[in-house]
Amino acid sequence: MQTNLDIQPKAIGDALLAFVGSPWGLLATWLLVINFITLLVFGLDKWKAKRKEHHESTRRVPEKTLFLLSAAGGSVGALLGMKIFHHKTLHKTFRFGIPAILLLQIIVVAGIWVYFHSAW
């Protein structure tokens, strides 16, 4: 009796499902989603900032929320949002804080990768 415990994907869709189901695939999926959301929120806040000039009742996105989205993995989306929408570029906390968050995230992911791929 032969058992096939090594299940290989049979099609591209199966391979994609296998990748997304892996820890690195889940991380990649999360980063794509959170960066897209962060980019949209930066654009929304820029739109609200322009609208607030004429409509004082417009509520802006709190800076805490923008930093929280960045810290949750959306730092690339935040940097893109700052560049594309020219938003929060004069605030030193954003100009230096967002790249610092990105650098920290890169160091953490690289450290995890090295830890799991070291030979000792």
Side-chain angles (χ1 to χ4, degrees):
M1 181 171 151
Q2 182 181 5
T3 61
N4 189 4
L5 297 177
D6 186 25
I7 300 172
Q8 296 294 324
K10 304 259 186 291
I12 293 175
D14 292 342
L16 179 64
L17 185 62
F19 173 73
V20 171
S22 73
W24 291 107
L26 289 173
L27 178 63
T29 303
W30 169 255
L31 290 175
L32 284 172
V33 169
I34 193 68
N35 279 290
F36 183 70
I37 290 170
T38 304
L39 177 68
L40 291 179
V41 171
F42 266 77
L44 176 68
D45 191 46
K46 179 64 175 193
W47 177 77
K48 286 184 172 189
K50 287 182 177 181
R51 182 174 167 80
K52 192 168 179 86
E53 294 172 3
H54 304 293
H55 302 88
E56 293 198 20
S57 63
T58 302
R59 296 191 62 191
R60 299 273 309 274
V61 176
E63 290 186 354
K64 273 196 259 183
T65 302
L66 298 174
F67 272 111
L68 182 63
L69 286 168
S70 298
S75 52
V76 172
L79 285 172
L80 285 173
M82 290 172 67
K83 290 283 187 190
I84 292 170
F85 303 114
H86 304 286
H87 191 50
K88 301 290 187 187
T89 55
L90 298 178
H91 291 77
K92 286 183 181 179
T93 54
F94 281 88
R95 210 172 21 170
F96 298 110
I98 301 297
I101 291 171
L102 176 61
L103 182 63
L104 182 63
Q105 289 169 341
I106 290 170
I107 290 170
V108 167
V109 170
I112 291 170
W113 190 86
V114 167
Y115 177 79
F116 284 109
H117 289 87
S118 64
W120 36 301

Is there a path from [X] to [Y] through hydrophobic residues (I, L, V, M, F, W, Y) whose side chains come within less than 4.5 Å of each other?
X: Leu40; Y: Trp30; answer: no
X: Phe36; Y: Leu26; answer: no
X: Leu68; Y: Leu66; answer: no
X: Leu32; Y: Val76; answer: no

message: So, taking the atom named CZ in Arg51 and the one named CD in Glu56, what distance separates them when rounded to the nearest 0.5 Å?
response: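 Answer rounded to 0.5 Å: 12.5 Å.
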- request: Supply the atom-to-atom distance Lys46 NZ to Ile84 CD1, rounded to the nearest 0.5 angstrom.
  value: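 Here the rounded value is 13.0 Å.
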- request: Could you walk me through whether Leu39 and Phe85 pass the side chain to side chain contact (heavy atoms under 4.5 Å, CB included) test, one step at a time?
  value: CA-CA 9 Å; Leu39 177 68; Phe85 303 114; 3.9 Å; yes
Scan the side chains in residues 88-114 for donor-acceptor partners under 3.5 Å anywhere in the protein, sequence neighbours excluded, and list what turns up.
residue : atom : partner : partner atom : Å
Lys88   : NZ   : Glu63   : OE2          : 3.1
Gln105  : OE1  : Ser75   : OG           : 2.5
Gln105  : NE2  : Ser70   : O            : 2.9
Gln105  : NE2  : Ala71   : O            : 3.2
Trp113  : NE1  : His117  : ND1          : 3.4

- prompt: So, for Thr38 and Ile34, which heavy atoms are closest and what is the spacing to 0.1 Å?
  reply: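 Looks like OG1-O, 2.7 Å.
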message: Using every non-hydrogen atom in the two residues, find where His54 and Lys50 come nearest and quote the distance to one decimal.
response: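 Between these two residues, the closest heavy atoms are CD2-O, 4.2 Å.
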field: Side chain Asp45, main chain Val61, donor-acceptor under 3.5 Å
entry: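 It does hold such a pair.
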- prompt: Does the Thr29 side chain pair with the main chain of Gly25, one donor and one acceptor, at a distance under 3.5 Å?
  reply: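 Between the backbone of Gly25 and the side chain of Thr29 there is a qualifying donor-acceptor contact (under 3.5 Å).
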message: Within the supplied structure, the quantity of interest is the number of heavy atoms (other residues, nucleotides, ligands) at a distance under 6.0 Å from Lys48 NZ; does it exceed 12?
response: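 Yes, because the 6.0 Å sphere around NZ of Lys48 holds more than 12 heavy atoms from other groups.
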